[in-house]
Each structure stands twice: as C-alpha cells, then as structure tokens.
Amino acid sequence: MAFSSGERMKEARSLQNVRLGTYYVVQMPEPDDFEFWRERARALVQCDVPPDRIAWVEPGGNGDLFSHGERRAPVPPADARPVRANRRFVNLARNAILHSEPERFALLYRLLWRLQGTPRIMEDKADPDVRRLEELDKAVRRDSHKMHAFVRFRLVEPQEGEEPGEEHYVAWFEPDHHILRANAGFFMRRFANMRWSILTPQGSLHWDTETMREGPPAQRGDAPGGDPMEELWRSYYASIFNPARLKIGAMLKEMPRKYWKNMPEAALIPELVAGAQRRESAMVEAGSLEFEERPETLPAIDKAIHACRKCPIGLLDNTAVMGEGPDNAALMIVGEQPGDQEDLSGRPFVGPAGQLLDVHLERAGIDRRAAYVTNAVKHFKYVQRGKRRLHQSPGAKEIDTCRWWVESERAIVQPKLVLAMGASAARGMLGKTVSISRVRGAPIALDDGSELWVTAHPSYLLRLEGPAREEQARLFDADLAAVKERLAELAEAP
Ligand code: URA
C-alpha cells in the first residue's frame with residue numbers, strides 16, 4: 001500500500017511508541033458498537049499507536065492470544081491534536097462496523113490512521129482500503145434491505161403474563177451481518193401498534209407498543225410457523241403479483257431462496273411463475289379496508305398511519321409522513337404524497353417541491369408555519385432504479401384509501417380553507433377526480449362549511465421550462481394570492 005508523505009511523517013512520529021513495544025488489545029463489548037470503537041480509536045490515534053500495534057478482538061473472540069497486550073485505553077497527552085475524520089468516512093464506518101467480517105475494526109482503524117496524514121483518501125476510489133470499506137457498507141445495506149422486505153410476522157398464542165386477546169407476532173430472520181439493533185427503529189416505527197418479537201441467531205428484539213427490549217439469541221424452532229395471517233399474506237401477495245413484470249433472475253437475486261422458508265407467500269411462487277393471472281386484492285374483497293373509529297388527536301393519527309397497511313404502498317421500504325403545523329390552523333395545505341426526501345426526513349414538503357412551495361408562499365405573504373401542511377397519501381410510492389427511488393403517482397384506489405387519514409386530520413384541525421395542490425390532493429379531498437384548470441381560482445364548498453381551493457402541484461412547475469414554467473408560476477401565484485385574500489376575509493367573518 002502506498003503511503004503519502006503526510007503518512008510517512010505520522011509513521012515516524014509513531015516510532016517512539018513502537019520502540020516502546022506497547023501492544024494494545026481492544027476487546028469489543030458488542031459486535032456493532034460503533035461508539036466504543038470510535039472512542040478507543042480516537043485515543044489510540046492521539047497516542048500515535050500505529051495499526052499494526054493493535055489487536056481488535058470480537059466479543060467472545062480469543063483475546064488471550066494477546067496476553068502480553070495492554071488492555072487499558074491509552075491516555076492521550078493534553079496537547080494531542082484533534083483526530084480528523086470526514087463525514088463520508090464516519091458514515092461508511094458506522095455502517096460497515098455491522099459487517100460480520102472480523103477484520104472490520106482493524107480496517108476502520110487503518111483508514112482512520114491514514115486519514116490523519118491524507119485527509120482526501122476517501123476520494124481515492126482505487127485505494128484498496130477505501131474500496132473494501134465501501135464493499136462492507138454495501139453488503140450491510142443490502143442485508144438491512146432484505147430484512148425490511150422479508151421479515152414476516154406470525155401470530156402466536158398469548159404468552160405468560162399476557163392477557164388473552166393481546167395479539168403477539170413473532171418473526172424469525174437470519175441476517176448475514178450484525179444489523180438487528182441498527183434496524184430496531186425501522187420495525188418499531190413500521191409496526192408501532194403491534195406487539196412483536198424478531199428472533200435471530202444473534203439476538204432478539206421485543207416491542208410491546210411502548211418499549212423495546214433486547215433478548216438473547218434464538219433458534220428457528222423458537223418461532224412459530226403457520227397461522228391464519230399466512231393465508232392473508234398469500235392472497236395479498238397473489239393479488240399484487242403481476243406476471244407480466246416477472247423476471248425470474250432478478251427475483252431470485254432480490255429474494256434469495258434462503259428467505260423463502262420464512263415467507264408464507266413464497267409457497268405461491270411456483271404457481272405464480274407458471275402464469276397465474278393477476279387477481280383482485282383478496283384484502284379488498286375481504287372488506288379489510290374498513291377502518292375503525294377515527295383517531296381523536298394528531299399524535300394518534302401519526303401513530304396509526306405508521307402502522308397502516310391498507311394499501312400496498314405501505315409495504316414498500318418507506319415511513320409514513322404525518323402532516324405538520326398548528327392543530328387549529330386556518331389554512332390546511334394538501335400535497336400528493338411524500339417524496340424521497342420527505343420519506344427520509346419524516347416531514348412533508350422539505351424536498352425540491354417543498355422549497356419551491358416556500359418561495360411562492362412567501363411571495364404571496366402566506367406564513368407556512370401558521371398553516372397545517374400535509375399530504376393526500378401518507379407513504380412514498382416509488383420504483384427502485386439502481387440506487388434511486390423514482391416517484392410514482394398513487395392510483396385512485398390508493399388515494400381513496402388514504403382519504404381516511406387526511407379527512408381525520410381535517411376533522412381535528414378544522415381549517416377554514418383547504419388548499420389542494422395537484423390532482424391527487426384534489427381527489428383526496430373530494431373523493432373524485434377533477435380537472436385543475438376547470439376548478440382552480442374559485443372555492444368549492446366542503447361538507448363542514450369550509451372551503452376547498454385547488455391549484456397545481458409545485459412539482460408540476462418543476463417539470464416545466466421556459467415560458468411554460470413562467471406561465472404556470474404566474475397562475476400558481478395568482479391562486480395563492482386569492483387564497484391569502486380569502487383567508488383574510490374568513491378571519492374577519494363572525
Ligand atoms: N410532494 C408532495 O406532494 N408532498 C410532499 O410532502 C413532498 C412532495
């Protein structure tokens with residue numbers, strides 16, 4: 001491996017330590033403990049301990065091999081220089097440490113050490129250490145993706161201490177890497193209202209709708225197999241399966257056979273591959289789209305939408321995005337659905353469309369912070385293209401299903417005026433499709449006496465260029481100005 005002049009200087013500085021012959025042994029307390037690794041690595045760098053003077057030992061690993069080694073963390077001198085590590089390194093390292101490769105701790109340290117002399121090393125795509133770090137990161141992300149997609153919960157009998165009727169779901173999963181803890185938040189948000197356990201050979205997670213507990217490793221036999229939910233999964237999967245799109249090679253790559261045994265719907269695959277026709281959703285036919293009582297608070301809606309699986313969008317790798325703003329706002333602004341950035345941040349209209357919306361709202365003198373901003377559909381619908389998630393418009397059925405939530409939000413906020421941006425938002429408010437050019441610029445009465453105003457969606461403007469964009473921006477501004485004026489009138493109305 002080629003070292004730069006900065007790295008050579010660092011090597012020379014560290015000679016003193018080498019001469020002293022101190023050999024450090026770092027026993028990791030957990031295989032995924034990035035913070036512990038980071039703290040130790042910082043102290044070691046500040047004490048000029050080169051990579052080949054450290055043995056990083058996995059939890060349960062044989063640290064006795066290094067009985068002559070120093071186990072205490074070295075104490076950096078008071079004038080030690082701060083450790084350099086750029087954001088890219090830290091982000092990759094935080095993920096790569098979850099890999100099952102025993103050498104990962106040493107690799108991370110070697111890179112951190114080299115970063116001190118060559119801060120731009122992470123930009124060198126040909127560097128073997130950087131390449132290896134990227135490989136580990138990619139493998140871990142892939143493993144997490146598989147876990148999100150292929151964990152299947154099964155209903156179990158009430159356990160000791162549980163009331164009959166308190167349903168408990170258990171899933172078995174075999175990750176390739178130490179990803180269980182890192183993914184706890186994902187499953188907690190997605191299945192917030194369910195009591196569930198995820199069992200793996202590395203450990204287990206238990207969620208009781210309020211607290212998360214960690215438990216010991218489990219075996220496959222600890223998880224149940226077969227229950228009525230499986231039938232539902234099977235019919236659901238069959239209903240969304242589109243034989244015209246089937247690519248067997250791609251399917252096997254995405255859904256390795258290893259996971260099939262945990263997935264009730266996988267039993268259908270041979271039949272589906274043989275050419276089964278697309279079927280109507282058994283869930284819809286079974287009437288499972290009926291909702292229960294409307295939640296009475298915005299936090300209750302927030303919790304419920306995270307658990308909502310009434311349409312297939314909620315089964316993608318995404319998180320529900322709740323509306324935000326005062327719960328008594330006079331103006332409610334409704335968009336279509338969260339985009340990629342909204343899904344990642346959990347907030348509506350923070351991406352490019354949101355930024356354009358902010359510009360126009362400001363121009364119209366409408367204070368976004370005083371408005372309640374939300375979406376007709378709560379989950380991000382997309383198709384994966386390589387690393388990118390490309391927006392897909394929700395279908396009429398999906399908008400109609402999600403209407404329950406946006407209507408529940410409206411029932412609580414009780415805005416005087418609702419501004420629906422785009423055709424999906426208008427459908428979400430009216431339950432039918434309208435032509436924007438026909439209805440914009442004038443109020444539509446809603447059942448509770450409030451008013452609906454319809455305008456274009458800001459992302460429509462983003463797709464246009466030149467004079468067409470200018471024209472649409474002008475119309476959008478005019479709609480917002482009319483809304484502002486009407487809000488002022490409504491504020492004065494008795
Ligand atoms: N587009 C929308 O309709 N809503 C968002 O939250 C972001 C983009």
Side-chain angles (χ1 to χ4, degrees), residues 88 91-92 95-96 125 131 133-151 176-177 179 182-183 186 189-190 236-237 239-260 263 265-266 269 272-273 278 281 309 311-321 335-356 375-399 402 422-425 457-465 469:
R88 179 164 158 69
N91 288 345
L92 288 174
N95 210 34
K125 295 276 174 210
R131 283 203 354 229
L133 178 65
E134 285 173 345
E135 279 166 14
L136 298 191
D137 166 66
K138 194 166 163 201
V140 168
R141 277 190 288 121
R142 192 169 162 72
D143 205 26
S144 292
H145 171 74
K146 297 259 177 297
M147 185 172 181
H148 296 178
F150 301 138
V151 157
D176 290 332
H177 304 294
I179 59 167
N183 283 291
F186 172 88
R189 285 190 297 279
R190 177 167 273 198
Y236 179 66
Y237 188 73
S239 76
I240 61 168
F241 183 84
N242 184 351
R245 293 219 193 118
L246 180 62
K247 292 200 179 82
I248 297 176
M251 184 175 83
L252 284 174
K253 192 163 155 250
E254 281 308 312
M255 193 195 287
R257 280 181 195 277
K258 165 178 161 185
Y259 302 110
W260 287 22
M263 302 173 63
E265 67 269 32
I269 289 172
L272 294 170
V273 170
R278 189 184 179 109
S281 164
R309 300 291 174 269
C311 83
I313 309 181
L315 294 171
L316 296 171
D317 188 0
N318 53 17
T319 304
V321 175
E336 179 190 71
Q337 62 170 358
D340 183 65
Q341 295 196 30
E342 286 77 17
D343 178 58
L344 296 174
S345 70
R347 295 183 51 216
F349 281 107
V350 292
Q355 285 157 23
L356 185 63
N375 282 299
V377 169
K378 301 302 177 205
H379 283 94
F380 174 37
K381 181 173 177 184
Y382 64 89
V383 275
Q384 192 81 40
R385 288 275 178 277
K387 287 188 179 163
R388 295 181 59 211
R389 301 189 297 174
L390 302 185
H391 163 275
Q392 277 209 311
S393 298
K397 256 191 193 173
E398 290 156 346
I399 299 170
C402 227
S424 301
H457 193 286
S459 57
Y460 171 59
L461 271 62
L462 284 175
R463 288 196 296 273
L464 299 173
E465 279 175 7
R469 166 110 176 227

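Atom-to-atom distance recorded for Ser424:OG and His457:NE2 is 8.0 Å, nearest 0.5 angstrom. Put simply, NZ on Lys146 and NE2 on His177 are 11.0 Å apart, with the number rounded to the nearest 0.5 Å. Taken to the nearest 0.5 Å, the CD atom of Glu336 stands 6.5 Å off from the CD1 atom of Ile399. Considering CZ of Arg88 and CG of Asn91, their distance stands at 9.0 Å, rounded to 0.5 Å.
Residues Phe380 and Leu316 are not in side-chain contact: their nearest non-hydrogen atoms beyond the backbone lie 4.5 Å or more apart. Residues Asn95 and Arg141 meet the side-chain proximity criterion, which asks for heavy atoms closer than 4.5 Å. Counting heavy atoms from C-beta outward, Arg463 and Arg469 have side chains that stay 4.5 Å or more apart. With contacts defined as side-chain heavy-atom distances shorter than 4.5 Å, the pair Phe349/Pro338 does not qualify.
Between Gly335 and Ala425 the shortest heavy-atom distance is O-CB, 3.5 Å. For the residue pair Ala353 and Pro458, the shortest heavy atom distance occurs at O-CB, 3.7 Å. Taking each heavy atom of Ala96 and Leu136 in turn, the nearest pair found is CB-CB, 3.8 Å. Scanning both residues, Asn375 and Pro348, for their nearest heavy atoms gives ND2-CB, 3.9 Å. Considering all non-hydrogen atoms of both residues, Val377 and Cys402 come closest at CA-SG, 3.6 Å. Scanning both residues, Gly395 and Lys381, for their nearest heavy atoms gives N-NZ, 3.9 Å.
Glu342 places a side-chain N or O within donor-acceptor distance of the main-chain N or O of Val350, the cut-off being under 3.5 Å. Listed for the Asp143 side chain is a donor-acceptor partner under 3.5 Å among the backbone atoms of Asp176.
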Discussion item. Between Asp340 and Arg388, is the salt bridge (charged side-chain N to carboxylate O under 4.0 Å, His left out) condition met? List the steps.
Written reply: CA-CA 9 Å; Asp340 183 65; Arg388 295 181 59 211; over 6 Å; no
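His148 and Asp317 share a side-chain donor-acceptor pair at under 3.5 Å. A donor-acceptor pair shorter than 3.5 Å cannot be found between the side chains of Asn318 and Asp343.
A distance of 6.0 Å or more separates the ring centres of His145 and Phe186.
When each of His391, Glu398, Gln392 is tested with Gln337 by the rule side-chain hydrogen bond (donor to acceptor under 3.5 Å, both in side chains), just one qualifies, namely His391.
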